Amino acid sequence: MPRKFLLLVSVILLAVGVGLGYRVADGIWRDFYWTPKDLALTPEQARTRVEIYLADALVQSSTLSQPVRIRLNNVAEATRIPLASATFCLGAGLAFLLAGLISPRSRR
């Protein structure tokens with residue numbers, strides 16, 4: 001492959017990988033992946049994802065004197081694909097960069 005083509009592809013892949021990585025990091029820094037406070041769940045609504053125990057007893061909304069709301073951290077579900085894509089793009093970009101730097105120059 002022509003050297004310039006390999007270097008161009010590497011720059012594009014590295015830029016995409018950095019962009020995706022920044023998007024994930026920015027969301028984590030801004031607490032983007034937490035359930036918003038106004039959409040927090042009751043213990044019954046969150047039963048399939050979390051159980052809360054108080055003094056070895058399962059907490060239920062009906063047994064509490066104060067209302068309890070639960071915010072879930074969805075970072076694993078929300079960042080799985082962008083993080084895998086960023087890793088792939090950065091790895092492929094580095095591979096193309098190395099191939100472009102190591103490949104012999106074409107004589108014209």
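Just so it is clear, the structure is predicted and the values come from calculations on it, not from any experiment. Reckoned from all heavy atoms, side chains included, excluding hydrogens, waters and symmetry mates. Positions are given from 1, in the same order as the sequence printed here.
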### Query
Shortest non-hydrogen contact from G17 to A86?
O-CB, 3.6 Å
### Task
Decide whether L39 and V50 are clustered together by the hydrophobic rule: side chain heavy atoms of Ile, Leu, Val, Met, Phe, Trp, Tyr closer than 4.5 Å, transitively.
no
### Query
Can you name the nearest heavy-atom pair linking L101 to R3, along with the distance?
O-NH2, 3.4 Å
### Message
Does atom CG (D38) have a neighbourhood of more than 12 heavy atoms from anything else shown, all under 6.0 Å?
### Response
yes
### Message
Could you work out, with side chain to side chain contact (heavy atoms under 4.5 Å, CB included) as the rule, every residue matching S85, not counting sequence neighbours?
### Response
L20, I81
N/O donor to acceptor pairs below 3.5 angstrom from side-chain atoms of residues 90-100, sequence neighbours left out:
none

### Task
Applying side chain to side chain contact (heavy atoms under 4.5 Å, CB included) between V9 and each of L7, L13, L6, report the one that passes.
L13
#### Entry: Hydrophobic cluster of Y53, others only, ordered by chain and residue number, side-chain cut-off 4.5 Å
L58
### Residue list, side chain to side chain contact (heavy atoms under 4.5 Å, CB included) with A15, at least two apart or on another chain
none
### Task
Using salt bridge (charged side-chain N to carboxylate O under 4.0 Å, His left out) as the criterion, list what pairs up with D26, not counting sequence neighbours.
R30
### Donor-acceptor contact below 3.5 Å, side chain R71 vs main chain A40
no
### Query
Is the CZ atom of R23 crowded by more than 12 outside heavy atoms at less than 6.0 Å?
no
#### Entry: Non-neighbouring partners of L41 that pass side chain to side chain contact (heavy atoms under 4.5 Å, CB included), sequence neighbours left out
Q45, A46, L72
